[in-house]
Amino acid sequence: MRRRSLLIAVPAGLVTLAGCGDDGKSDTAKSSSSPSASASASSAPPPKIVDGPLPAITAGTKFDEKPTVAKGTGDPSKNLAVRTAIAGGGRTVAENDYIQANYLGQIWDTAKVFDNSYDRKTPLVIQLAQGGIIDGWRYGLVGKKVGSRVEMAVPPTWGYGTSGNTQAGIKGTDTLVFVVDIQNTFNAKSSAKGKDVAQSDAALPKVGTNTDGKAPSITVPKATAPTKLVANYVIEGDGDEVKADSSVLVQYEGVLWDGGKEFDSTYGRGQLTSFSLQQVVKGWSQGLTGKKVGSRVLIVVPPSLGYGDSPPSGSGIKKDSTLVFSVDILAKM
């Protein structure tokens, strides 16, 4: 059985929100009309992918510009129509990857825009996984490359189903038109990307700087654990700073200060984790706030900011343990 992330599955009182998601689900779809699968059709067969018809993009035609899209003419295809308007040259998107993208969605018949990330100035980060996003995105974006602009016409079968999305003004018969600018893609092999920072304090753990997707080494010194929180760059990225209320997508590994034994790792599960900093132990929320996306951070969490005298059952963490983490901040969500 796949092990649940200890960072989120913690006893009551150690997180600010109860019942938060597990390590395979993103909670980043903040708009009710974003392409999350909360109202998606379920168990639909794979679509036939065709190259049209698709309405013209009449303005904002460059990558990552907010597009203006014409109203659909005639009847839309009953299949999934997909067109690469701009071909990127980056990594290829695979199923179950997390993608970072700007997008605009509108209704075929009326050209009414029901959602777009450009105006929010915050790209969507979401997993292309069954049950996590509408199937039109899952099938239409897999195989595309980072840097691409993709236009799709998604029939209800692979959109929000016959129930539609009332809050967004989407009827159960509406075909939806999306323009998606794929900025980045992340998977279990993703790592920090930035400049190595000297680790000169012999009293602190040393973290490996490899960026090959494998777990970095964590070497804990034979010294007394610090009593205050430590949060130092190992690799400093150049992305946006994480805020106290941000959600993040990360790779991480956690070991005990006493003995250096690993107790939790996304590398071992082969799956990234996403969560809000308001849902994790204080050592994480305080340690990651202000750090830049793309960075690897050493966090040493004293008991008072970790699990204290109530560690998760079966975790191998004893009461009042000091915890050591290597955290790669892949994206802010």
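Side-chain atoms are counted along with the backbone in the values below, which use heavy atoms only and exclude waters and symmetry mates.
Put simply, Ile299 and Leu204 are part of two different groups of oily side chains (I, L, V, M, F, W, Y) that touch within less than 4.5 Å, one to the next. Both Ile126 and Val93 are assigned to one and the same hydrophobic cluster, defined by single-linkage of ILVMFWY side chains at heavy-atom distances under 4.5 Å. Transitive grouping of hydrophobic side chains (ILVMFWY, heavy atoms separated by less than 4.5 Å) keeps Tyr267 and Leu272 in distinct clusters. Both Val297 and Leu277 sit in one connected hydrophobic cluster of ILVMFWY residues. Membership requires side-chain heavy atoms under 4.5 Å apart, directly or through other members. With hydrophobic clusters built from ILVMFWY side chains whose heavy atoms lie under 4.5 angstrom apart, Val150 does not share a cluster with Leu54.
Centroid-to-centroid, the aromatic rings of Phe178 and Trp137 come within less than 6.0 Å.
The closest donor-acceptor contact from the side chain of Trp108 to the backbone of Val154 lies at 3.5 Å or more, if one exists at all. Proximity of a side-chain donor or acceptor of Lys291 to a complementary backbone N or O of Ala231 within less than 3.5 Å is detected. In this structure, Ser148 contributes its side chain and Gly88 its backbone to a donor-acceptor pair below 3.5 Å. With hydrogens and angles disregarded, a donor-acceptor distance shorter than 3.5 Å links the side chain of Ser117 to the backbone of Tyr103. Put simply, the side chain of Asp212 gets close to the backbone of Lys214: a donor and an acceptor are under 3.5 Å apart. At distances below 3.5 Å, not a single donor-acceptor pair connects side-chain atoms of Ser295 with backbone N or O atoms of Glu236. Panel note: side chain Gln251, backbone Ala188; a donor-acceptor pair is recorded below 3.5 Å. No donor-acceptor pair closer than 3.5 Å links the side chain of Ser321 to the backbone N or O of Leu323. A donor-acceptor pair under 3.5 Å links the side-chain atoms of Thr122 to the main chain of Arg120, judged by distance alone. Although no hydrogens or angles enter the test, the distance criterion places a donor-acceptor pair under 3.5 Å between the side chain of Asp201 and the main chain of Ala203.
Side-chain atoms of Val301 and Tyr307, non-hydrogen and from C-beta on, never get closer than 4.5 Å to each other. Contact annotation: the side chain of Gln127 never approaches that of Ile133 to less than 4.5 Å [non-hydrogen atoms, C-beta and beyond]. Contact check for Leu104 versus Asp115: no side-chain heavy atoms found under the 4.5 Å cut-off. With a 4.5 Å cut-off on side-chain heavy atoms, Val327 and Trp284 count as touching. A heavy-atom distance below 4.5 Å is not found between the side chains of Lys144 and Val180. Side-chain contact check for Lys228 versus Leu305: every heavy-atom pair is 4.5 Å or farther apart. Under the 4.5 Å side-chain criterion, counting only non-hydrogen atoms from C-beta, Lys145 is not in contact with Ile182. Asp320 is listed as a side-chain neighbour of Asp309, based on a closest heavy-atom distance under 4.5 Å.
To the nearest 0.5 Å, atom CG of residue Asn187 and atom CG of residue Asn96 are 10.0 Å apart. Atom CG in Asp109 sits 10.5 Å away from atom CG in Leu176 (nearest 0.5 Å). Separating the OG1 atom in Thr84 from the CE atom in Met152 is a distance of 10.0 Å, to the nearest 0.5 Å. Taken from CG in Asp97 to NZ in Lys189, the straight-line distance is 13.0 Å, to the nearest 0.5 Å. In this structure, Glu241 CD and Ser246 OG are separated by 10.0 Å, a value rounded to the nearest 0.5 Å. A distance of 7.5 Å separates OG of Ser200 from NZ of Lys206, quoted to the nearest 0.5 Å.
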*Are Ile57 and Arg83 close enough, and set up right, to give a side-chain contact (heavy atoms from CB on, under 4.5 Å), and what steps lead you there?*
CA-CA 11 Å; Ile57 300 173; Arg83 176 177 74 95; 3.9 Å; yes
_Lys71/Ile107 under side-chain contact (heavy atoms from CB on, under 4.5 Å): CA gap, chis, key distance, verdict_ = CA-CA 8 Å; Lys71 186 173 73 170; Ile107 296 171; over 6 Å; no
*Give the intermediate values and the outcome of side-chain contact (heavy atoms from CB on, under 4.5 Å) for residues Asp264 and Arg269.*
CA-CA 9 Å; Asp264 196 13; Arg269 290 192 296 276; 2.6 Å; yes
*Given Val234 and Gln199, is the side-chain contact (heavy atoms from CB on, under 4.5 Å) satisfied, shown in steps?*
CA-CA 7 Å; Val234 175; Gln199 302 177 67; 3.6 Å; yes
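The number of heavy-atom neighbours closer than 6.0 Å to CG of Asp75, taken from other residues, nucleotides and ligands shown, is 12 or below.
Taking all atoms of both residues into account, the shortest heavy-atom contact from Ser77 to Val50 is OG-CG2, 3.8 Å. Heavy-atom minimum distance, Asp245 versus Ser276: O-OG, 4.4 Å. Heavy-atom minimum distance, Val300 versus Leu229: O-CD1, 3.4 Å. Shortest non-hydrogen contact noted between Ala70 and Gln106 is O-NE2, 3.2 Å. In terms of heavy atoms, Ser315 sits closest to Pro311 at OG-CB, 4.4 Å. Of all non-hydrogen atoms in Gly290 and Tyr233, the two that sit nearest each other are O-OH, 4.0 Å.
A salt bridge links Arg149 with Asp181: the closest approach of a Lys/Arg side-chain nitrogen to an acidic carboxylate oxygen falls below 4.0 angstrom. The pair Asp238-Lys195 fails the salt-bridge criterion, with no side-chain N (NZ, NE, NH1 or NH2) lying under 4.0 Å from an Asp/Glu carboxylate O. The existence of a salt bridge linking Asp196 and Arg296 is excluded, since no basic side-chain nitrogen approaches an acidic carboxylate oxygen closer than 4.0 Å.
Applying the side-chain hydrogen bond (donor to acceptor under 3.5 Å, both in side chains) criterion to Glu253, with sequence neighbours excluded, gives no partner residue.
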